[in-house]
Amino acid sequence: MNQTTACPLDCYDACRIVVDECGKLKGDKSHPVTRGYLCPNLNHFTEQERILSPKLRGEEISMERAIEVLIEALKNSKNEDILYYRGSGNIALMQRVCEHFFASIKAIGTSGSLCDGAGEAGVLLGRGYNEVLSPQMIKESEVIIFWGRNPHTTHSHLLPFLEGKTVIVIDPIKTAMAQKADLHIQIKPHCDIHLALLLSRFAIIEGLHDEEFLEEHATEYNDFYELTQTVRIKATLDAIDVTLGQIGTMLELMKGKKSAILVGVGVQKYRNGADVLRSIDGFGAVMGLFGKNGCGVSYLGDSLRGITLPFASISHRVSKPTADFSKYNCVFVQGGNPLAQMPNSTRVKRGFDLAGFSVYFGLYENETSQAADLVIPAKTFLEKNDFRSSYGDYTLQEMPQIVENEIGISEYALTSRLSEAFGVELMSESYYLDFFRKRIDVRDGVGYHRDIPDVPYKTGFSNGEFAFADEIDLEIDQEEGFYLITSKYAKGLNSQFKRAEGVCFHPEAGFAEDEIVQLASPSGTVDMRVRYDERLRRDCLLIYSGTPDVNVLTPPHLSYEGESAVYQETKIKVTKK
Ligand SMILES: Nc1nc2c(c(=O)[nH]1)N[C@H]1C(S)=C(S)[C@@H](COP(=O)(O)OP(=O)(O)OC[C@H]3O[C@@H](n4cnc5c(=O)[nH]c(N)nc54)[C@H](O)[C@@H]3O)O[C@H]1N2
Ligand SMILES: Nc1nc2c(c(=O)[nH]1)N[C@H]1C(S)=C(S)[C@@H](COP(=O)(O)OP(=O)(O)OC[C@H]3O[C@@H](n4cnc5c(=O)[nH]c(N)nc54)[C@H](O)[C@@H]3O)O[C@H]1N2
Ligand code: SF4
Ligand SMILES: [Mo]
């Protein structure tokens, strides 16, 4: 008999999967978004080579022994010397049960984000809370603006919803979407604030702003208009590599149309990432895009929206992007590969080596599993019970256990063993599963959260009204070197599955294809092979997320708001070898 589950991978889509009698995974044709197909990452999921047995310093051991060793290491550490670090390899809800144990023994956790935290902080400052536009809501739009977001790679199930719409792309790379778009603004990286302010200013000059909306929901717009007037037009357009004609065309295409701006993480991998989102939101507010059917500004949402977790939550935390593993006697890494994916990875690796005892709890071998003292294999999503919410829509889906085998241990089972050893109170697995099940509202055969909006922000903003930024740093980076773009790879998922290699340049950037170049930033130096990619600007280089050693180059700073990593806040000097 076919069984139904959902994909747990870190992705805007939350595909519904049908598992047939032979264990083959297929997209669910009856699901309004998945529509019968899955992406390459999931199509090859069951062929992935996974860790089969626990290991202690490279030697295979039994699961029983691994749990004993883990308990011993935890018992030998004071609570404040234990760090619990969770990645985003599997973003389903029961994964968080491990935190219940670590919170109960008062271990240290992490706060902030490697992902969308800077942008999220900007959204919250302006709007008070973060709502997304689901694909079904986007279907109602007439104009779609992809701003630093690459749907062919990262949100492929959105593509069928775009038919017949006007598409605008703002991206330093001529992405697949940019190639088909009605307008592509191939902006210089890290210049989105300037563009958003100029768009707002010209919208007001040309009378395209929504006065009624602004009077009701964003009354400080005159101050914002004044702020936009501090941008020097000609000098700024030259500096950001955008023309007045492009601004005019974009506003003309949006005029009187239902427009949705879909913003990705690309724009906010900088220290001022919150200001970027807030400026784009400011433009959205000027155009009156909030609270109207088919309109809006949609960023990555909060996948825990509307869900209070039934687990204890850690109270003492250190910032995730800058966590120093060397300070801890015991580091427990779950579902992540910080040694490759955290910024400034040379420092991260050194710190991990200096930690008293390190544990990796995951599915696949990677830089972190290779360096950990103890490796504990996890069960896959097919082998355990879970629930999947999403940061791209409002679904909440059950993921029942489908496969039974002896490999690995589930998050719940491991937590249960640890809780028993430390006298931590833990409810039964079925209690937690029931808790999540009760939060599902099934409509037309699809599970959703309860209380989702028909139209986000229809009833206004939780701060009372939209809060425009009143001060923004408009300096443009003049440092020498190439802009670093580090975005997602189509054949992999961050460091899972297939990993990209090499550095991409425009063919006219001055390097020969296949030559090895040395890349240097203040954080470190790496050698990489040159690949050509005509979609790039000549002043940028592209190294995909998951490429080994990309993060040797990325800086150890936090965003000004949101405690986020700022992968692109650096220029790269390139020398021929
Ligand atoms: N296949 C695949 N899918 C994924 C992932 C994956 O690794 N592989 N990862 C998942 C995860 S963790 C996330 S967070 C999402 C992210 O999904 P997206 O937001 O789509 O992520 P990125 O690929 O990082 O960035 C998107 C675009 O931003 C552009 N960009 C870079 N810098 C700038 C800039 O300064 N200004 C502007 N305007 N654009 C810029 C890049 O060229 C890129 O096209 O994708 C998820 N989906
Ligand atoms: N240079 C650069 N660096 C980046 C980014 C970038 O764009 N460029 N993107 C950043 C972003 S947006 C993100 S979200 C992070 C992602 O970084 P991480 O959260 O570290 O994610 P992954 O690299 O996908 O590693 C996930 C690991 O989780 C494990 N895993 C998978 N499923 C399960 C499970 O069910 N249980 C357990 N216990 N483990 C499991 C797998 O073994 C896998 O190796 O990377 C960030 N780093
Ligand atoms: S598109 Fe995303 S949710 Fe769908 S199968 Fe692929 S990784 Fe999973
Ligand atoms: Mo992410």
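Because the structure is a prediction, the values reported are computed rather than measured.
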What closest approach, in Å, do [X] and [Y] show between heavy atoms, and which atom pair accounts for it?
| X | Y | value |
| --- | --- | --- |
| Leu159 | His152 | CD1-CD2, 3.6 Å |
| Gly492 | Phe497 | CA-CB, 4.2 Å |
| Arg278 | Gly126 | NE-N, 3.9 Å |
| Val331 | Ala355 | CG2-CB, 3.8 Å |
| Gly282 | Ser200 | C-OG, 4.4 Å |
| Cys504 | Asp533 | CB-CB, 3.9 Å |

Taking the side chain as every heavy atom from C-beta outward, state whether [X] and [Y] have any atom pair closer than 4.5 Å.
| X | Y | value |
| --- | --- | --- |
| Pro151 | Phe146 | yes |
| Lys269 | Glu569 | no |
| Ile145 | Val297 | no |
| Gln496 | Tyr364 | yes |
| Asn344 | Pro555 | no |
| Ile376 | Tyr360 | no |
| Ser319 | Leu558 | yes |
| Leu304 | Leu93 | yes |

May I ask you to say whether [X] pairs ionically with [Y], meaning some side-chain N is under 4.0 Å from a carboxylate O?
| X | Y | answer |
| --- | --- | --- |
| Lys349 | Asp549 | yes |
| Arg96 | Glu411 | no |
| Lys571 | Glu479 | no |
| Lys576 | Glu515 | yes |
| Glu513 | Arg529 | no |
| Arg317 | Glu99 | yes |
| Asp373 | Arg57 | yes |
| Asp514 | Arg531 | yes |

Quiz item: Does Asn150 have any side-chain hydrogen bond (donor to acceptor under 3.5 Å, both in side chains) partners at least two apart in sequence or in another chain, and if so, which?
Solution: Thr153
What distance separates [X] [atom1] from [Y] [atom2], expressed to the nearest 0.5 Å?
| X | Y | atom1 | atom2 | result |
| --- | --- | --- | --- | --- |
| Gln568 | Asp477 | CD | CG | 12.0 Å |
| Tyr299 | Asn130 | OH | CG | 8.5 Å |
| Asp10 | Cys115 | CG | SG | 6.0 Å |
| Ile185 | Asp241 | CD1 | CG | 11.0 Å |
| Ser495 | Leu493 | OG | CG | 8.5 Å |
| Asp275 | Glu561 | CG | CD | 7.5 Å |

Practice problem: Assess whether side-chain contact (heavy atoms from CB on, under 4.5 Å) is satisfied between Thr547 and Arg499, documenting all intermediate values. | Solution: CA-CA 6 Å; Thr547 304; Arg499 294 174 72 170; over 6 Å; no
Quiz item: Only one of Phe325, Phe357, Phe332 clears ring-ring contact (aromatic ring centres under 6.0 Å, His included) with Phe352; which?
Solution: Phe325
Closer than 3.5 angstrom, by distance alone: can the side chain of [X] be matched with the main-chain N or O of [Y] as a donor-acceptor pair?
| X | Y | value |
| --- | --- | --- |
| Ser389 | Ser303 | yes |
| Tyr489 | Gly546 | no |
| Ser559 | Ala118 | no |
| Ser521 | Ile572 | no |
| Asp192 | Ile280 | no |
| Ser298 | Leu133 | yes |
| Ser77 | Ile82 | no |
| His316 | Ala107 | no |
| Thr525 | Ala520 | no |
| Lys188 | Ala239 | yes |

Between [X] and [Y]: side-chain donor-acceptor atoms closer than 3.5 Å:
| X | Y | result |
| --- | --- | --- |
| Tyr328 | Glu80 | no |
| Asn551 | Gln341 | no |
| Asn41 | Lys491 | no |

Quiz item: For atom CD of Glu534, is the number of surrounding heavy atoms from other residues, nucleotides or ligands below 6.0 Å larger than 12?
Solution: no
Self-check item: Criterion side-chain contact (heavy atoms from CB on, under 4.5 Å) on Gln334 and Tyr85, from CA distance to verdict
Solution: CA-CA 6 Å; Gln334 173 199 343; Tyr85 177 107; over 6 Å; no
Exercise. Give the intermediate values and the outcome of side-chain contact (heavy atoms from CB on, under 4.5 Å) for residues Met342 and Leu339.
Key: CA-CA 6 Å; Met342 272 171 74; Leu339 271 58; over 6 Å; no
Self-check item: Steps toward ring pair (Phe, Tyr, Trp, His ring centres under 6.0 Å) verdict (Phe101, Tyr84)
Solution: CA-CA 10 Å; Phe101 166 75; Tyr84 168 68; 9.1 Å; no
Exercise. Go through the structure and list residues passing side-chain contact (heavy atoms from CB on, under 4.5 Å) with Lys174, not counting sequence neighbours.
Key: Ala178, Gln179, His184, Gln186, Arg535
Quiz prompt | Partner set under side-chain contact (heavy atoms from CB on, under 4.5 Å) for Ser390, not counting sequence neighbours | solution = Ala14, Arg388, Asp393, Thr395
Practice problem: Test Lys320 against Ser113 for side-chain contact (heavy atoms from CB on, under 4.5 Å), laying out the working first. | Solution: CA-CA 6 Å; Lys320 190 172 199 175; Ser113 156; 5.9 Å; no
Practice problem: Could you walk me through whether Glu367 and Asn337 pass the side chain to side chain donor-acceptor pair (under 3.5 Å) test, one step at a time? | Solution: CA-CA 7 Å; Glu367 287 86 340; Asn337 183 12; 3.0 Å; yes
Practice problem: Look at the rings of His190 and Tyr270 and say which category their plane angle falls in: under 30° parallel, 30 to 60° tilted, over 60° perpendicular. | Solution: parallel
Self-check item: Aromatic ring pairing Phe511/Phe505, orientation class (parallel under 30°, perpendicular over 60°, tilted between)
Solution: tilted
Quiz item: Under 6.0 Å from the six-membered ring centre of Tyr12 and within 45° of its axis: does the NZ or CZ of Arg149 meet both?
Solution: yes
